Asks: 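Got a structure for you, written out below as C-alpha cells; questions coming shortly.
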Amino acid sequence: SQTIHQWPATLVQPVGSPLSLECTVEGTSNPNLYWYRQAAGRGLQLLFYSVGIGQISSEVPQNLSASRPQDRQFILSSKKLLLSDSGFYLCAGMGGRGLFFGSGTQLSVL
Amino acid sequence: GENVEQHPSTLSVQEGDSAVIKCTYSDSASNYFPWYKQELGKRPQLIIDIRSNVGEKKDQRIAVTLNKTAKHFSLHITETQPEDSAVYFCAARRAGNMLTFGGGTRLMVKP
C-alpha cells in the first residue's frame with residue numbers, strides 16, 4: 001500500500017535557524033509529491049509540488065524551498081526560519097484514490 | 001483554476017443527530033471529489049470519495065452526494081458519535097490536476 005514516511009514529528013527551532021524536513025514514499029513509483037502547511041485551526045495551504053526528480057513548483061512566495069533528489073524523497077528546507085513559519089507541515093503523495101498524507105511535523109519557531 | 005468553498009466552518013450537533021457539510025466548486029471539468037477527516041494533531045485521512053459519473057455514494061453512516069449541474073457536493077453523517085468530532089475537508093480535482101481543498105469544517109459532536 002502507499003505510505004508516506006515523514007520526520008520528525010515535532011520540532012522546535014529558534015528564529016534564524018535552518019530547517020530540513022524529509023519525507024519518503026513507498027508503494028508507488030514516480031508519484032506526484034506535495035508539501036502542505038497548516039496553521040493552527042486553519043486549512044491546508046499548498047507550498048510545493050513535484051512531478052518528478054528535480055522538478056519543483058512553488059505555490060506561494062516564501063523563504064522555504066523544496067527539493068526532490070530521488071524519486072521517492074521530498075525535502076522541505078529553509079536557510080533562516082521566521083516566526084511565521086510555525087505550523088503543521090504535511091508531506092503528501094497522489095495515489096489512485098487522491099492524496100495520502102504523511103503523519104506531519106509540528107514546527108514551532110521561537 | 002479551481003475554487004472550492006466549504007460551509008459551515010464550524011458545526012455542533014448532539015450525539016445521534018445528523019451532520020451535513022456542503023461544498024461548491026467552480027471548475028465544471030472537475031471529476032473527483034474526496035472527503036478527508038483530520039483529528040487534532042493527526043494527518044488528514046480519506047473517508048469517502050465520489051467521481052462525477054455517480055450522484056451518490058454511501059459507506060455505513062457516511063454518504064456523499066454530488067450535483068454536477070449546480071457544482072456542489074455534500075457530506076452526510078448520520079447517527080453521529082463523539083468520535084466523529086474532527087475537522088472535515090472537501091476537495092475537488094480535474095483529471096491531471098492537483099486537488100483543491102475547501103477551508104474545512106470543525107465538527108463537534110456533543111455527548
Side-chain angles (χ1 to χ4, degrees), chain A residues 1-11 21 23 25 27-28 30-52 55-60 66 74 86-108, chain B residues 1-12 21 23 25 30-52 54 57 59 62 64 66 73 75 85-108:
Chain A
S1 62
Q2 298 160 335
T3 306
I4 294 270
H5 297 283
Q6 185 180 344
W7 65 93
T10 59
L11 190 59
L21 300 181
C23 82
V25 59
T28 183
N30 195 30
N32 288 356
L33 297 175
Y34 307 83
W35 277 110
Y36 285 88
R37 178 171 61 200
Q38 193 173 28
R42 305 295 293 276
L44 295 157
Q45 180 188 32
L46 179 63
L47 301 176
F48 299 96
Y49 68 94
S50 171
V51 299
Q55 300 179 66
I56 307 295
S57 296
S58 174
E59 286 295 297
V60 293
F74 202 24
S86 294
F88 190 50
Y89 288 81
L90 287 156
C91 181
M94 184 64 76
R97 291 190 68 199
L99 282 177
F100 55 103
F101 289 88
S103 54
T105 296
Q106 185 63 53
L107 172 66
S108 298
Chain B
E2 176 67 277
N3 183 49
V4 178
E5 299 284 341
Q6 183 173 346
H7 300 280
S9 57
T10 59
L11 178 59
S12 181
I21 302 171
C23 289
Y25 61 99
S30 288
N31 59 3
Y32 177 66
F33 308 91
W35 286 88
Y36 289 83
K37 175 184 180 181
Q38 186 181 25
E39 297 177 356
L40 189 63
K42 303 286 184 63
R43 78 188 85 186
Q45 300 266 27
L46 179 70
I47 56 171
I48 194 167
D49 56 8
I50 191 168
R51 297 188 184 274
S52 58
V54 299
K57 185 176 178 180
D59 182 4
I62 294 174
V64 57
L66 171 65
F73 56 113
L75 178 71
S85 297
V87 178
Y88 291 81
F89 292 97
C90 65
R93 186 178 74 158
R94 180 178 182 176
N97 282 20
M98 294 177 292
L99 274 176
T100 300
F101 285 93
T105 296
R106 181 173 299 280
L107 174 64
M108 294 171 283

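Protein chains get the first letters and strands the later ones, always in sequence-line order, with residue 1 at the start of each. No experiment lies behind these values; they were computed from the predicted model shown.
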Asks: May I ask you to decide if Met98(B)'s main-chain N or O and Tyr49(A)'s side chain share a donor-acceptor pair within less than 3.5 Å?
Replies: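 Absent.
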Asks: Can you name the one residue among Gln45(B), Arg43(B), Gln38(B) that meets side-chain contact (heavy atoms from CB on, under 4.5 Å) with Phe101(A)?
Replies: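 Looking at Gln45(B), Arg43(B), Gln38(B), the match for Phe101(A) under the side-chain contact (heavy atoms from CB on, under 4.5 Å) is Arg43(B).
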Asks: If I measure from the heavy atoms of chain A, does Leu46(B) come under 4.5 Å with its side chain, its backbone, both, or neither?
Replies: side chain
Asks: For Leu99(B) and Tyr36(A), work out which heavy atoms get closest and say how close.
Replies: O-OH, 4.2 Å
Asks: Search all heavy atoms of Gln38(A) against all heavy atoms of Phe89(B) and return the closest pair with its distance.
Replies: NE2-CZ, 3.4 Å
Asks: Of the listed residues (Pro44(B), Gly103(B), Gly104(B), Pro34(B)), which shares the most heavy-atom pairs with chain A below a 4.5 Å separation?
Replies: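 Answer, by heavy-atom pair count under 4.5 Å with chain A: Pro44(B).
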Asks: What residue, out of Leu90(A), Leu46(A), Leu99(A), has the most heavy-atom pairs lying under 4.5 Å from chain B?
Replies: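 Among the listed options, the one with the most contacts to chain B is Leu99(A).
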